[in-house]
**Student:** 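One structure, as structure tokens, below. Some questions next.
Excluded from the calculations below are hydrogen atoms, water molecules and symmetry mates; all remaining heavy atoms, backbone and side chain alike, are included.
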Amino acid sequence: MMLEPPAYGADPATAPVSRRLRRPDGVGVLTVYLTLLLVVPARLTIGALGAVGSPATLVGVAAAVVWCWAQATRGRLSHIQPVRLALLAVTFLFLTSYVIAVGQPRAIDEVQGADIALLSVVSWVGIALLAHDTVHDRRRLYRLLERLSLLGAFFAAVGITQFVTGWQLTNLIEIPGLSWNSALNSVFARAGFNRPASTATHSIEFSVALAAMLPLAIHVAMEHRWLSPLRRWWPVVVMGMATPLAISRSGLVGLGVGMMILFLGWDAIQRKVGLIVMSLFVVVMFIVFPGLIGSLLSLFTRAGSDTSIRSRTDSYDLAEWFIGRSPLLGRGLGTFMPKYRILDNQYLMLLIETGIIGLVAFVGLFFTAIVCAQIVRGRTNDAAMRHLAQATTASVAACAAGYALFDGFSFPQFTGLTFFCVGLAGALWRAGSTWLATPGNEAGDETAAASRVAGRPRP
């Protein structure tokens, strides 16, 4: 029997249709945002707006404006929410950084960089707050995750096609009103292989974005049993295959971190099956793409002679000089230009641009999201919600790992996904009292268990 999305407990999905229609949520807007983020090439923007003119960025800015208007008309925030507070703290400190940047004599390109950074932060935080505060219905959240899984599969499939053929097929995408804001190159090269970028700015962004989405796609595959097996699992297969094809150290580290955390949340049987599947996957990749596994291993075994690693380590003295000039609040977000050095470490960039305080706030955002997701996991006996909380933890941790290995704020797809995942962790915390069958709530646990065995009726 095909299962149905859950409709038990205090979930608003159990309310009459007329009541549900009067309570709109943000799932539709988030779906539009994720579609624009992953389907429209990152370099396609509204020409007059430049780097911040991508459709996804504009949707994020609109989300921030609507959220602020809703809070202003409400008069006060509904409740104290840890993730929301962490998001607002990051926003405040980054805005302070912007004031520092424009309040001092700067080169014109640094001022422009600060403007771009400010609008980008507003967009990212707007999406996080929208996900945090407007997903009221557990069923609707599941629909959003299913759509993300499909979009991730499309994103990965484009990359696989580029890897196999070397064809930069994203060149064919033309959207009225949008133009390329920089030269397009969606297929790079490394170790004799094509490195796909799909619709991302670079192969690195492609791989880390997939690493961030994969834990959530695995959650859909394992827990959304009302979908057919093909619908649940083919996005996982495509995304899992595409991630290593970018031949990116950043993507592999993010993938490893995410999968390790997800693995720790599984029971003994799931771990055994997972190890078998991953072993078979490595064998298949070895057979289908000869030489690829060796190239991936060499990224780590030969790291000492890698020019990209040396470029990172050689930058420490320069970074120390910039940090010493303003250690607490930095020189201004977006003002450390590539002409000085490409650091390939967003945390080091933040230390230069926003100082120790800004870096602590950003790291604290990840910490808060992970802790909230884990607290939600500990409060419930419902297996699906426990797994979702663990998958969210894995995605946030994969994002956090990625920022240590490249300058993530220069890549809008990955950073947009990061703040979406943070907002998802906040949504789990905020709605936990109405969505979860908490330990000790025998009636809720029995209902959940029965629904997983006999199927869940539609509301």
**Student:** Check whether the ring centres of Phe362 and Phe409 lie less than 6.0 Å apart, and answer yes or no.
**Tutor:**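 Yes, they do, as the ring centres are separated by less than 6.0 Å.
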**Student:** If you take all heavy atoms of Ala211 and Ala398, which pair is closest and at what distance?
**Tutor:**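 Here Ala211 and Ala398 meet closest at O-CB, 3.9 Å.
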**Student:** Could you check if a side-chain atom of Leu255 sits within less than 4.5 angstrom of a side-chain atom of Leu210, using non-hydrogen atoms only?
**Tutor:**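 A side-chain contact under 4.5 Å is absent here.
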**Student:** Tell me if a side-chain donor or acceptor on Glu205 pairs with a main-chain N or O of Thr201 at a distance below 3.5 Å.
**Tutor:**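 Such a contact is found between Glu205 side chain and Thr201 backbone.
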**Student:** I'd like to know if the side chain of Ser207 reaches the main chain of Ile204, judged simply by a donor and an acceptor atom lying under 3.5 Å from each other, with no hydrogens or angles considered.
**Tutor:**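 Indeed, once roles are kept as given, a pair shorter than 3.5 Å links the two residues.
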**Student:** Run the side-chain contact (heavy atoms from CB on, under 4.5 Å) check on Trp67 and Asp133 step by step: do they pass?
**Tutor:** CA-CA 9 Å; Trp67 186 88; Asp133 286 341; 2.7 Å; yes
**Student:** Quick one: side chains of residues 232-240, donor-acceptor pairs under 3.5 Å with protein atoms, not counting sequence neighbours, listed by atom name and distance.
**Tutor:**
| residue | atom | partner | partner atom | Å |
| --- | --- | --- | --- | --- |
| Arg232 | NE | Leu227 | O | 3.3 |
| Arg232 | NH1 | Ala221 | O | 2.6 |

**Student:** Measure from the side-chain N and O atoms of Ser97 to the backbone N and O of Leu93, and report whether any donor-acceptor pair falls under 3.5 Å.
**Tutor:**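 Checked: no pair found.
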**Student:** Do Phe414 and Phe206 have their ring centres less than 6.0 Å from each other?
**Tutor:**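 No - the distance between ring centres of Phe414 and Phe206 does not fall below the 6.0 Å cut-off.
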**Student:** Do Arg195 and Phe163 have side-chain heavy atoms sitting under 4.5 Å apart?
**Tutor:**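 Sidechains of Phe163 and Arg195: no contact.
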**Student:** Hey, does Asn345 have a side-chain heavy atom less than 4.5 Å from the side chain of Phe406?
**Tutor:**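 Side chain of Phe406 against side chain of Asn345, heavy atoms only: no contact under 4.5 Å found.
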**Student:** For the backbone of Gly26 and the side chain of Thr134, can you confirm whether one donor and one acceptor N or O come within less than 3.5 Å of each other?
**Tutor:**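 Flag set: sc Thr134 to bb Gly26 pair under 3.5 Å.
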**Student:** Any side-chain heavy atom of Arg147 sitting closer than 4.5 Å to one from Val27?
**Tutor:**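 Yes - at least one pair of side-chain heavy atoms lies under 4.5 Å apart.
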**Student:** Between Trp124 and Phe420, is the gap from one ring center to the other below 6.0 Å?
**Tutor:**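 Ring centroids of Trp124 and Phe420 are no less than 6.0 Å from each other.
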**Student:** When you compare the side chain of His224 with that of Arg231, does any pair of heavy atoms fall below 4.5 Å?
**Tutor:**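 When only atoms from C-beta onward are counted, His224 and Arg231 do not touch, as no gap falls below 4.5 Å.
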**Student:** Regarding Lys272 and Asp267, does a basic nitrogen lie under 4.0 Å from an acidic carboxylate oxygen?
**Tutor:**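 A salt bridge is absent here (no side-chain N lies under 4.0 Å from a carboxylate O).
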**Student:** Using a 6.0 Å distance limit plus a 45 degree cone around the ring axis, check whether Arg379 lies over the aromatic ring of Trp429.
**Tutor:**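 Yes, Arg379 sits over the ring of Trp429.
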**Student:** Look at the side chain of Gln346 and the backbone N and O of Gly408, then say whether any donor-acceptor pair between them is shorter than 3.5 Å.
**Tutor:**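 Between the backbone of Gly408 and the side chain of Gln346 there is a qualifying donor-acceptor contact (under 3.5 Å).
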